[in-house]
2 protein chains.
Amino acid sequence: MKNKAVIDALSALANEHRLAVFRLLVQAGPEGQPAGAIAEALDLPASSLSFHLAHLNRAGLITQSRDGRSLIYAADFTAMSGLVGFLTENCCGGASCAPVVAPTQKKRKAS
Amino acid sequence: MKNKAVIDALSALANEHRLAVFRLLVQAGPEGQPAGAIAEALDLPASSLSFHLAHLNRAGLITQSRDGRSLIYAADFTAMSGLVGFLTENCCGGASCAPVVAPTQKKRKAS
DNA sequence: CAAATGATTCGATGATACTGGAAATATCGA
DNA sequence: TCGATATTTCCAGTATCATCGAATCATTTG
């Protein structure tokens with residue numbers, strides 16, 4: 001994964017709404033969701049959502065396909081794993097990060 | 001890791017210079033590097049670098065400590081692993097991402 | 001074709017981020 | 001204390017990002 005691609009992906013996810021969209025699509029699985037459903041679930045104006053979807057799409061984190069009038073968006077797991085791979089490569093690859101990742105199972109309800 | 005913290009970390013890394021700084025510090029290891037050395041290595045004006053270091057520090061990705069006149073910055077591996085943990089939790093936790101992460105080893109240290 | 005529907009693009013506005021020189025702060029050594 | 005060194009803070013100017021209503025585009029249906 002190129003440096004530029006990593007930055008694009010990071011800045012795409014570095015936004016409240018886009019992170020929410022992405023998580024929603026990850027949960028929705030490979031079948032994805034139409035834009036309208038996302039807008040309703042996240043309570044976002046259509047034009048705003050479209051802006052964010054385009055951003056995520058440009059960054060390669062989600063894919064777009066048409067089904068009739070609806071545009072279906074789905075998370076691109078390959079890109080996601082590439083990003084995580086890049087981060088772990090630069091963090092855990094050499095050092096003390098890896099062992100810390102696993103125990104992150106605790107479900108805390110911090111505000 | 002809270003949602004807000006994740007966004008802070010992502011947006012901190014979503015910048016060419018800050019990502020470079022962070023990678024440099026990761027490579028530098030727990031001992032870190034003084035601001036001046038970072039500025040020279042990355043060829044950044046002191047005031048610009050200071051801005052970025054403050055940003056990374058606010059996001060919890062790096063730590064600051066003083067050694068004489070020098071301020072030493074070091075990567076915070078815990079925060080980093082928290083971020084990676086969050087991302088994998090939302091990606092690989094449920095699906096097909098995990099298997100892709102592991103094989104990302106071209107040059108690996110003795111296991 | 002025309003109407004209805006799902007979604008994008010346009011455009012103006014406000015907010016936030018980045019940059020880097022100059023001035024200020026902190027520390028060390030003589 | 002003075003001067004040199006390491007960094008930060010201040011400030012302004014510039015650039016980029018986010019918002020969302022209105023207009024537009026694409027598709028289906030009658």
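In what follows, chains are A, B, ... by sequence order, proteins preceding strands, each numbered from 1.
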Participant: Is there a side-chain contact between A/R23 and B/N3, using heavy atoms and a 4.5 Å cut-off?
Facilitator: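 A/R23 vs B/N3: side chains touch.
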Participant: Closest to the B/R69 side chain: D/dT19, C/dT27, D/dT7?
Facilitator: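 Closest nucleotide among those given: C/dT27.
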Participant: Check the distance between D/dA6's P and B/Q33's CD and give it to me in whole angstrom.
Facilitator: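 These atoms are roughly 14 Å apart.
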Participant: To the nearest Å, how far apart are B/L71 CG and C/dC28 P?
Facilitator: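 After rounding, the reported distance stands at 11 Å.
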Participant: What integer distance in Å separates A/I7:CD1 from D/dT16:P?
Facilitator: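 In whole Å, D/dT16 P lies 15 Å from A/I7 CD1.
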Participant: Rounded to whole Å, please give me the gap between CG in B/L49 and C1' in D/dT7.
Facilitator: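 Value for this atom pair: 9 Å.
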Participant: Assigning hydrophobic clusters by single linkage (Ile, Leu, Val, Met, Phe, Trp, Tyr; side-chain heavy-atom cutoff under 4.5 Å), is B/V21 placed with B/I72?
Facilitator: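 As far as the 4.5 Å side-chain criterion goes, B/I72 and B/V21 are not connected within one cluster.
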Participant: Listing time: all N or O pairs from protein to nucleotides 23-25 of chain D that are below 3.5 Å?
Facilitator:
none

Participant: Does A/I7 reach the side chain of B/E16, with side-chain heavy atoms less than 4.5 Å apart?
Facilitator: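 They are in contact (side-chain heavy atoms under 4.5 Å apart), so the answer is yes.
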Participant: Which atom names give the shortest non-hydrogen contact between B/A35 and B/L49, and what distance separates them?
Facilitator: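 Scanning both residues completely, I find the closest heavy atoms to be O-CD2, 3.2 Å.
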Participant: Is the shortest side-chain N/O distance from A/Y73 to OP1 or OP2 of C/dT8 below 4.0 Å?
Facilitator: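 Answer is yes, contact under 4.0 Å.
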Participant: Please report the distance, rounded to the nearest Å, between CD1 in A/I72 and C1' in C/dT8.
Facilitator: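 That distance rounds to 15 Å.
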Participant: Check whether any side-chain heavy atom of B/F22 lies under 4.5 Å from a side-chain heavy atom of B/H52, and answer yes or no.
Facilitator: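 No, every pair of side-chain atoms sits at 4.5 Å or beyond.
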Participant: Heavy atoms only, 4.0 Å cut-off, all strands: where does A/S70 land among base, sugar-phosphate and nothing?
Facilitator: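 Sugar-phosphate, no base atom in range.
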Participant: Of all heavy-atom pairs between B/L13 and A/L10, which one has the smallest distance, and what is that distance?
Facilitator: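 B/L13 and A/L10 have their closest heavy atoms at O-CD1, 3.6 Å.
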Participant: Answer yes or no: does a side-chain N or O of A/S50 lie under 4.0 Å from OP1 or OP2 of C/dT8?
Facilitator: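 Yes, within the criterion.
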Participant: For A/E40, is the CD atom crowded, meaning more than 12 foreign heavy atoms sit under 6.0 Å from it?
Facilitator: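 No.
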Participant: Would you say C/dA26 has OP1 or OP2 under 4.0 Å from some side-chain N or O of B/R66?
Facilitator: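 For C/dA26, OP1/OP2 do not have a side-chain N/O of B/R66 under 4.0 Å.
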Participant: Round to a whole Å and report the spacing from CD of B/Q64 to C1' of D/dA6.
Facilitator: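 In whole Å, D/dA6 C1' lies 12 Å from B/Q64 CD.
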Participant: Base, sugar-phosphate, or nothing: which does A/A35 touch, judged by heavy atoms less than 4.0 Å apart?
Facilitator: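 The answer is sugar-phosphate, as A/A35 gets under 4.0 Å only of primed atoms, P, OP1 or OP2.
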Participant: How close do A/S11 and A/H55 get, heavy atom to heavy atom, and via which atoms?
Facilitator: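 Residues A/S11 and A/H55, closest heavy atoms: OG-CE1, 4.4 Å.
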Participant: Which protein N or O atoms sit under 3.5 Å from an N or O of nucleotides 16-18 of chain C?
Facilitator:
residue : atom : partner : partner atom : Å
C/dC18  : OP1  : B/N15   : ND2          : 3.3
C/dC18  : OP1  : B/R18   : NH1          : 3.3
C/dC18  : OP1  : B/R18   : NH2          : 2.8
C/dC18  : OP2  : B/R18   : NH1          : 3.2

Participant: Rounding to an integer number of Å, can you tell me how far B/I62 CD1 sits from D/dT7 C1'?
Facilitator: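 It is 13 Å, rounded to the nearest whole Å.
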Participant: How many whole angstroms separate atom CZ of A/R58 from atom C1' of D/dA18?
Facilitator: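 These atoms are roughly 12 Å apart.
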Participant: Are the side chains of B/L53 and B/I38 in touch, meaning some heavy atoms are under 4.5 Å apart?
Facilitator: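 Yes - at least one pair of side-chain heavy atoms lies under 4.5 Å apart.
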